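Shown next, in structure tokens, is the structure this report addresses.
This is a predicted model, so every value here is computed, not measured. Residue numbers count from 1 along this sequence. Whatever order the structure lists them in is the order used to number ligands and atoms, beginning at 1.
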Amino acid sequence: MRSYTLIAPAKINLYLEIISDRPDGYHELAMILQSVDLADEIYLQSLDTESICVKCNHPQVPTDQSNLAYRAAALMATKFPQALAEYGGVEITINKHIPVAAGLAGGSTNAAAVLMGIDLLWNLGLTKSELEELGATLGSDVPFCIAGGTVIATGRGEKLSPLPNLDTIYIVLAKYRSLEVSTAWAYKTYRQEFGNSYLRDSENLAARAAAVHSEAIVKAILNQDPGKIAAKLHNDLERVVLPAYPQVLQLRELFASFTGVLGTMMSGSGPTVFALVESEEQAEAVKLQMRAVIPDQDLELFVTRTITQGVQVA
Ligand SMILES: C[C@@](CO)(OP(=O)(O)O)[C@H](O)COP(=O)(O)OP(=O)(O)OC[C@H]1O[C@@H](n2ccc(N)nc2=O)[C@H](O)[C@@H]1O
Ligand SMILES: Nc1ncnc2c1ncn2[C@@H]1O[C@H](COP(=O)(O)OP(=O)(O)O)[C@@H](O)[C@H]1O
């Protein structure tokens with residue numbers, strides 16, 4: 001019986017600009033995605049039968065066919081039926097550490113780990129770009145979770161251009177356990193409220209505008225300048241999520257008021273808010289400050305840091 005354990009890291013969005021809507025219902029984006037060391041462990045074990053089964057220690061995560069990890073395995077089974085017959089199905093055990101429905105790509109990174117793990121279990125020898133292409137059919141953030149590091153993502157988030165590795169930056173994450181924001185709702189509301197400001201002249205114009213806006217943060221990343229990176233954080237989805245979720249706005253304002261915080265932003269469609277911090281010591285101090293102001297145990301707080309890789313075999 002063969003088995004693999006994979007480490008599946010979360011991401012944050014250092015930059016998220018919505019360029020336009022698309023005929024397929026998605027949005028054209030310009031993003032900078034960053035892997036962080038808060039990660040789930042994914043344990044894969046071959047089965048004698050051709051079935052797929054998912055186990056997870058987190059009550060909010062479904063273990064049926066709606067689990068993104070299950071869907072990743074089902075996709076591999078459909079694409080490679082001979083390998084499924086030869087090597088058997090797979091049992092997927094997810095040890096969740098990443099908060100669920102948080103804007104941290106928890107499900108996407110689990111799916112990425114399953115694609116990479118099954119590639120190994122079934123001796124398929126797929127390239128990273130082949131795996132990323134398969135991943136894009138499961139979710140917009142899945143290709144990035146395979147690539148990892150610091151990456152410019154365009155299209156609906158699946159077209160990736162790597163940036164140089166960032167030196168370690170410490171990060172504090174804050175998320176109310178019971179608060180969920182639907183990604184589809186966030187984009188739909190943005191389209192309803194701000195859609196008339198999209199650039200529609202031509203794809204090129206839209207791409208050029210995105211390049212101009214994100215230029216400053218890309219430069220700061222190339223210069224390894226955490227202060228400037230923090231000053232240029234941006235997320236268009238804050239325009240719809242912050243007014244609708246005052247608790248998220250409060251976290252954002254509190255982080256901004258703490259000593260040692262270089263910059264703060266909501267990640268993805270939220271509701272996680274992150275703060276870039278000067279040092280590990282400052283990060284622990286910022287976490288303590290937040291806990292002192294909000295003792296409510298529904299608020300989850302994590303100290304994490306930037307990393308240079310996506311999913312890895314343990
Ligand atoms: C907002 C972001 C930012 O990184 O992340 P999360 O907050 O989910 O982590 C991503 O754009 C989310 O990526 P992901 O969670 O993989 O999205 P998908 O499953 O592909 O899409 C979920 C829904 O979001 C909307 N969507 C997503 C991506 C995109 N470029 N345009 C969209 O309009 C669509 O309504 C889609 O049905
Ligand atoms: N493997 C998985 N891990 C986490 N959530 C999952 C998974 N598979 C499906 N889901 C569902 O996907 C939804 C989004 O969760 P998640 O991927 O953690 O958030 P986000 O896309 O905001 O980063 C949740 O409602 C959850 O029930």
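Protein heavy atom at the shortest distance from atom 14 (C) of ligand 2 is Ala101 CA, 4.0 Å. Ranking protein heavy atoms by distance to atom 33 (O) of ligand 1, first place goes to His27 ND1, 2.7 Å. Residue, atom and distance of the protein heavy atom nearest to atom 26 (C) of ligand 2 are Val100 CG1, 4.0 Å. Scanning the protein for heavy atoms near atom 21 (O) of ligand 2, the closest one is Thr183 OG1, 4.4 Å. The protein non-hydrogen atom at the shortest distance from atom 17 (O) of ligand 2 is Gly107 N, 2.7 Å. Annotation: atom 20 (P) of ligand 2 to nearest protein heavy atom, Gly103 N, 3.7 Å. With hydrogens left out, the protein atom closest to atom 29 (C) of ligand 1 is Tyr26 CD2, 3.5 Å, a heavy atom. Nearest to atom 10 (N) of ligand 2 among the protein's heavy atoms is Pro62 CD, 4.0 Å. Taking atom 1 (C) of ligand 1 as the reference point, the nearest protein heavy-atom neighbour is Tyr187 OH, 3.4 Å. Regarding atom 8 (O) of ligand 1, its nearest protein heavy-atom neighbour is Thr183 OG1, 3.2 Å. Counting only heavy atoms of the protein, atom 3 (C) of ligand 1 lies nearest to Asn13 ND2, 3.4 Å.
Counting heavy atoms closer than 4.0 Å to ligand 2, residue Asn67 contributes atoms from both its backbone and its side chain. Only the side chain of Met31 comes within 4.0 Å of ligand 1, counting heavy atoms alone; its backbone N, CA, C and O stay farther away. In Val142, neither the side chain nor the backbone holds a heavy atom less than 4.0 Å from any atom of ligand 1. The part of Ser66 lying near ligand 2 is the backbone, judged by heavy-atom distances below 4.0 Å. Residue-level proximity to ligand 1 for Lys11 is carried by the side chain, the only part with a heavy atom below 4.0 angstrom.
Every atom of ligand 2 is numbered from 1 in the order shown, and the set under 4.0 Å from a heavy atom of Ala102 is 19 (O), 22 (O). Against a heavy-atom cut-off of under 4.0 Å, Ser140 is close to the following atoms of ligand 1: 13 (O), 16 (O), 17 (O), 18 (P), 20 (O), 28 (C). Close approach of ligand 1 to Leu16 is summarised as follows: ligand atoms under 4.0 Å from at least one heavy atom of the residue are 3 (C). Ligand 1 places these atoms under 4.0 Å from at least one heavy atom of Ala105: 9 (O). Shown in contact with Gly25 at under 4.0 Å from a heavy atom are these atoms of ligand 1, numbered in order with element: 33 (O). Residue contact check: Asn110 has heavy atoms under 4.0 Å from atoms 1 (N), 2 (C), 3 (N) of ligand 2. Of all atoms in ligand 2, listed by their number and element, those nearer than 4.0 Å to a heavy atom of Ala105 are 23 (O). Heavy-atom proximity to Gly106, at under 4.0 Å, picks out these atoms of ligand 2: 17 (O), 18 (O), 23 (O). In the vicinity of Leu29, heavy-atom distances shorter than 4.0 Å reach the ligand 1 atoms 11 (O), 30 (N). Applying the 4.0 Å criterion to heavy atoms of Arg156 picks out, from ligand 1, the atoms 20 (O), 28 (C), 29 (C), 30 (N). Under a 4.0 Å criterion applied to the non-hydrogen atoms of Gly139, ligand 1 contributes the atoms 16 (O), 20 (O). The contact set between ligand 1 and Gly103, taken as ligand atoms under 4.0 Å from a residue heavy atom, comprises 6 (P), 7 (O), 9 (O).
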- I would like to know whether Met76 and Leu115 meet side chain to side chain contact (heavy atoms under 4.5 Å, CB included); could you show each step before the answer? CA-CA 7 Å; Met76 294 299 265; Leu115 295 179; 3.8 Å; yes
- Message: Quick one, Gln250 with Tyr176, criterion side chain to side chain contact (heavy atoms under 4.5 Å, CB included). Give me CA distance, side-chain angles, the key distance, then yes/no.
- Response: CA-CA 11 Å; Gln250 186 202 23; Tyr176 283 99; 3.7 Å; yes
- Query: Checking side chain to side chain contact (heavy atoms under 4.5 Å, CB included) for the pair Met116/Leu131: CA distance, chi angles, key distance, verdict?
  - Reply: CA-CA 7 Å; Met116 289 174 65; Leu131 289 166; 3.9 Å; yes
- For Asn95 and Asn57, what are the C-alpha separation, side-chain angles and deciding distance, and is it a side chain to side chain donor-acceptor pair (under 3.5 Å)? CA-CA 6 Å; Asn95 192 10; Asn57 62 336; 2.8 Å; yes
- Message: Determine whether Asn123 and Tyr87 satisfy the following criterion, side chain to side chain donor-acceptor pair (under 3.5 Å), listing intermediate values before the conclusion.
- Response: CA-CA 9 Å; Asn123 281 323; Tyr87 294 100; 3.1 Å; yes
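The environment of Glu193 atom CD is dense: over 12 non-hydrogen atoms of other residues, nucleotides or ligands sit within 6.0 angstrom. Heavy-atom neighbours of Gln192 CD from other residues, nucleotides or ligands within 6.0 Å: above the threshold of 12. No more than 12 heavy atoms of other residues, nucleotides or ligands sit less than 6.0 Å from atom NZ of Lys228.
For the residue pair Thr150 / Gln34, a side-chain donor-acceptor distance below 3.5 Å is found, with atom types taken as modelled.
Considering backbone and side-chain N/O atoms, Asp141 comes within less than 3.5 Å of an N/O atom of ligand 1. Residue Val61 places no N or O, backbone or side chain, under 3.5 Å from any N or O of ligand 2.
Remark: among candidates Gln60, His58, Lys96, the nearest residue to atom 4 (C) of ligand 2 is Lys96, based on non-hydrogen atoms. Of the candidates Leu68, Ile42, Val54, Leu68 brings a heavy atom nearest to atom 9 (C) of ligand 2.
Linking ILVMFWY residues whenever their side-chain heavy atoms come closer than 4.5 Å, directly or via other members, leaves Tyr43 and Leu68 in distinct clusters.
In summary, of the residues considered (Ile229, Asn13, Leu163, Leu233), a side-chain contact (heavy atoms from CB on, under 4.5 Å) with Ile32 occurs for Leu163 alone.
Judged by a 6.0 Å distance limit and a 45° cone about the ring axis, Arg156 is positioned over the six-membered ring of Tyr26.
For atom 2 (C) of ligand 2, a protein heavy-atom neighbour is found at a distance under 4.0 Å.
A salt bridge is absent between Glu280 and Arg305; no separation between the charged side-chain nitrogens and carboxylate oxygens falls under 4.0 Å.
Between Phe194 and Tyr190, the two ring planes are tilted [angle within 30° to 60°].
Closest of all the heavy-atom pairs between Leu237 and Asn235 is N-OD1, 2.8 Å.
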